[in-house]
Amino acid sequence: LAADLMAALPALELIAVFGVGTDGIDLSAARDRDITVTITSGILTDDVADLALALMLGVSRQIVAQDAFLRSGAWQERPPQLGYKLCGKRVGIMGLGKIGAAIARRCAGFDMQIGYCNSRQSSEPGWQRFGDLHQLAQFSDFLVLAVPGDARNRKRVDAEILSALGKEGILINVARGAVVNEDDLIEALQNHTIRGAGLDVFDNEPGIDARFAALTNTVLMPHIASATVDTRQAMAQNVVDNLAGWFAGKGAVTPME
């Protein structure tokens, strides 16, 4: 929702977002016009964190490729390729908000070493904070993106970061496609600068770069991290509750902090 559209709607008081991403909203213009923005805060955290772990396992254990291998009948001719362990590896999480912290807790259950980049220090013992993304990438076997797709994070993950992640590294993106320089990522995957990637989000969705479809070291999802029946119903109810509360004069239920 751009500033000019807000200006064209002088009676606009509330923007109720079906999700937690606000990269499509000019938040500065909304503040200037005293427009309240609500998000479905906390509702989709578990689903997004679950999918991040699914992508980590999917890429490292080659689940999609192994399924295709079995279905093709090739198992009768040769053994399957070996995958790679998740347990005991190092995960670096870019962004330790609600979703990033939920991912970290799940990774702890796999006895993974946890590192992160975030503006705030975590109180969790043993979680290592890094001063910049390059250092985090060097630390990581899995680099997980869980930050807003706003201007400050646009194309933060570029050729330099991917090179620091290295040929044994795997990129997981459950944030926004805009956080990654996709040309650099595709080149890194083609040249095996990194081992692989699990991606739920892309630039220009749903018309994503066609080169992704030819890559065999990826697991690709159509932006479905929050797409469970339970969570989508709860998200819809939250939007309704925000609207009902607002028009009843009680205020929004989950305004942005």
Under a 4.0 Å threshold between the charged nitrogen and the carboxylate oxygen, would D46 count as salt-bridged to R105?
no
Does a sphere of radius 6.0 Å around [atom1] in [X] hold more than 12 heavy atoms from other residues, nucleotides or ligands, not counting ones at 6.0 Å or beyond?
X    : atom1 : value
D34  : CG    : no
Q76  : CD    : no
E124 : CD    : yes
R90  : CZ    : yes

Do [X] and [Y] sit in one hydrophobic cluster, given that two such residues count as connected whenever their side-chain heavy atoms are within less than 4.5 Å of each other, even indirectly?
X    : Y    : value
Y84  : L57  : no
W246 : I43  : yes
V180 : V174 : no
V219 : V201 : no
Y116 : I99  : yes

Could you check if a side-chain atom of [X] sits within less than 4.5 angstrom of a side-chain atom of [Y], using non-hydrogen atoms only?
X    : Y    : value
T40  : V20  : yes
T22  : I39  : yes
L55  : L51  : yes
Q113 : F139 : yes
Q190 : L215 : yes
E160 : N181 : no
P148 : R176 : no

Taking all non-hydrogen atoms of both residues into account, name the closest pair between [X] and [Y] and its distance.
X    : Y    : result
L220 : F212 : CD1-O, 3.7 Å
S122 : W127 : OG-CE3, 3.5 Å
I194 : N217 : O-ND2, 4.3 Å
I172 : A52  : CG2-O, 4.1 Å
R120 : R129 : N-NH2, 3.8 Å
D26  : A3   : OD2-CB, 3.7 Å

Just by distance, do the side chain of [X] and the backbone of [Y] share a donor-acceptor pair under 3.5 Å?
X    : Y    : result
D141 : G169 : no
E182 : D203 : yes
N242 : A16  : no
D158 : I161 : yes
D132 : H134 : yes

In Å, rounded to the nearest 0.5 Å, how long is the span from [atom1] of [X] to [atom2] of [Y]?
X    : Y    : atom1 : atom2 : result
R61  : Q66  : CZ    : CD    : 8.5 Å
S28  : R33  : OG    : CZ    : 12.0 Å
M235 : T254 : CE    : OG1   : 10.5 Å
C117 : Q135 : SG    : CD    : 7.5 Å
D111 : K89  : CG    : NZ    : 13.5 Å
L171 : L189 : CG    : CG    : 8.0 Å

What verdict does the side chain to side chain contact (heavy atoms under 4.5 Å, CB included) test give for L145 and R156, after you've listed the backbone C-alpha separation in whole Å, the side-chain angles of each residue and the deciding distance to 0.1 Å?
CA-CA 10 Å; L145 310 182; R156 289 273 305 279; over 6 Å; no
Take F142 and C107 through the test side chain to side chain contact (heavy atoms under 4.5 Å, CB included) and record every step on the way to the result.
CA-CA 11 Å; F142 296 83; C107 290; over 6 Å; no
I35 and I15: CA distance, side-chain angles, deciding distance, side chain to side chain contact (heavy atoms under 4.5 Å, CB included) verdict:
CA-CA 7 Å; I35 297 169; I15 301 171; 3.8 Å; yes
Give a yes-or-no answer on whether the side chains of D241 and N238 include a donor-acceptor pair shorter than 3.5 Å.
no
Share the residues that join L70 in a hydrophobic cluster, the rule being Ile, Leu, Val, Met, Phe, Trp or Tyr side chains under 4.5 Å apart at the heavy-atom level.
F69, W75
Kindly determine whether M94 and L133 satisfy side chain to side chain contact (heavy atoms under 4.5 Å, CB included), including the steps that lead there.
CA-CA 7 Å; M94 180 188 177; L133 184 56; 3.9 Å; yes
Considering the options D50, D47, L44, which one meets the side-chain contact (heavy atoms from CB on, under 4.5 Å) requirement together with T228?
D47
